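Below: the structure, in structure tokens.
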Amino acid sequence: MTWHSGRQAEGETILVTGANAGIGYFVAEQLAASGATVVLGCRDTAKADLAMQTIRSRVPDARLRGVGLDLSDLSSLPTAVEALEADRLDAVVLNAGILLSGPDRRLSPQRHELMFATNHLGHFALVAHLAPILTTTPHSRVITVGSFAARSERLDLADLPSEHDYRPKRTYGRSKLAQMLVGFELDRRLRAHGSDTASIVVHPGGALDSLTPSRPPLFVRTTTERLRGLPAGLMLHGKHAAAETIVRATLDPDITGGQLWGPRVFGLRGQPHRETPRPHMTDPDTAAELWSASSALTGLDPFERPVPPAQP
Ligand SMILES: NC(=O)c1ccc[n+]([C@@H]2O[C@H](COP(=O)([O-])OP(=O)(O)OC[C@H]3O[C@@H](n4cnc5c(N)ncnc54)[C@H](OP(=O)(O)O)[C@@H]3O)[C@@H](O)[C@H]2O)c1
């Protein structure tokens, strides 16, 4: 079953971060086709407008809104959450992400390493700000988009911001592992608080633009790009296909909190499939330490009293 072929999400409101491009765009398009009101959380208003125009050209009755959201800047998040102006939030899809390749360690406005700040701390803080509206919306969901890159990484709890050993690919993988650890920990905490909000972790496999269909005017894949991408299609898939696992985790009532979903074929491509998480992704002790550190760095804790921010 395709989870965006019916109107099963009619009446629901779903926020998708990084919905103006890549996988997030296709998540927004597919959720709009399912009847949900989709809020595109993007840092560039013009890009969000173009994405909404593109979705409307394919889903004429799409219900869409944009909110400005820069996950790298913790100070921008309260305003973004206020701008939601929604009385319910059925799901938030924590999709936005960056993978830097250059050798220089870049910093966020709060002087945290930029990938850790954007992918992990920004989403941690966003969920903290959204906690009141999420926990008062019946059966709401937090969908964390992790990565297969987290399989081979381990956190260095003594050096979370990669101050002492910065390697871009590893720092990225660790930021995704941090997101996944928090996604599973969040579900445990929600259960402990008696909440019916579910936290579900997904990963999209390997998704390439060259295997992704065009969505003019937002994104046009040339014939040359398509031909170049063909061999990779044996192992990987397009961003439209990667979005399907995320959309299923958002909408399928049979998927419950604490589960991990990814694509079926080697976890790299194909239909949504429930996976068994590796033990290091669900380790409660590591997650508890990471949660405390993240609370200290953001000054926020969704289920505890706020604490003052620590200096990085
Ligand atoms: N593609 C893959 O093979 C793959 C594999 C594993 C996991 N993932 C994960 O899947 C997610 C989507 O990946 P993708 O391939 O679709 O990436 P993408 O095409 O590069 O799109 C990333 C999106 O995140 C947004 N973003 C980046 N920094 C942001 C910030 N500070 N505030 C708000 N939004 C921000 C981007 O906005 P701008 O346009 O403004 O930059 C863009 O909309 C990411 O979390 C990634 O880690 C992807």
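In each ligand, atom 1 is the first atom listed, and ligand 1 is the first ligand listed. This structure is a prediction, so every number in the text was calculated from the model and none was measured.
The nearest heavy-atom contact from the protein to atom 10 (O) of ligand 1 is V145 CG1, 3.6 Å. With respect to atom 31 (N) of ligand 1, the closest heavy atom belonging to the protein is D70 OD1, 2.9 Å. Looking only at heavy atoms of the protein, atom 23 (C) of ligand 1 is closest to G18 O, 3.9 Å. Here the heavy atom of the protein found nearest to atom 47 (O) of ligand 1 is Y172 OH, 2.6 Å. Residue, atom and distance of the protein heavy atom nearest to atom 6 (C) of ligand 1 are S147 OG, 3.3 Å.
Within a 6.0 Å sphere centred on CZ of R106, other residues, nucleotides and ligands contribute 12 heavy atoms or fewer. In R228, the CZ atom is not crowded: 12 or fewer heavy atoms of neighbouring residues, nucleotides or ligands sit closer than 6.0 Å.
Protein heavy atoms are found inside the 4.0 Å sphere centred on atom 37 (O) of ligand 1.
Ion pairing of E153 with K176 is absent here, as no side-chain N (NZ or NE/NH1/NH2) approaches a carboxylate O to less than 4.0 Å. Salt-bridge formation is detected for the pair R170/D165: a Lys NZ or Arg NE/NH1/NH2 atom is positioned less than 4.0 Å from an Asp or Glu carboxylate oxygen.
A donor atom on one side chain and an acceptor atom on the other are not found under 3.5 Å apart for H280 and T286. Inspection of the Q30 and H240 side chains reveals no N or O donor paired with an N or O acceptor under 3.5 Å. With no hydrogens or angles considered, no side-chain donor-acceptor pair links S76 and D73 at under 3.5 Å. Side-chain polar atoms of S195 and T135 form no donor-acceptor pair below 3.5 angstrom.
Considering backbone and side-chain atoms alike, A207 places an N or O below 3.5 Å from some N or O of ligand 1. Checked by distance only, ligand 1 and K239 come closer than 3.5 Å through their nitrogen or oxygen atoms. Of the polar atoms of I98, none of the N or O atoms is found under 3.5 Å from an N or O of ligand 1, judged by distance alone.
For R43, the heavy-atom gap to ligand 1 drops under 4.0 angstrom. Ligand 1 lies nowhere less than 4.0 angstrom from a heavy atom belonging to T17. Not close to ligand 1: A242, with no non-hydrogen atom less than 4.0 angstrom away.
Counting heavy atoms only, N95 comes closest to atom 44 (C) of ligand 1 of the residues L99, I23, T212, N95. Nearest residue to atom 7 (C) of ligand 1 from S72, G97, S108, G146 is G146 (criterion: closest heavy atom).
Contacts between C42 and ligand 1 below 4.0 angstrom, taking non-hydrogen atoms only, are absent altogether. Contacts between K176 and ligand 1 below 4.0 angstrom, taking non-hydrogen atoms only, involve the side chain exclusively.
Residues V202 and F266 do not share a hydrophobic cluster, defined by chaining ILVMFWY side chains whose heavy atoms lie under 4.5 Å apart.
Interface of G206 with ligand 1, defined as ligand atoms under 4.0 Å from a residue heavy atom, comprises 3 (O).
Taking the six-membered ring for Trp, F116 and H112 have ring centres at least 6.0 Å apart.
The residue from T250, T144, I255, V142 that alone fulfils the side chain to side chain contact (heavy atoms under 4.5 Å, CB included) condition with I200 is I255.
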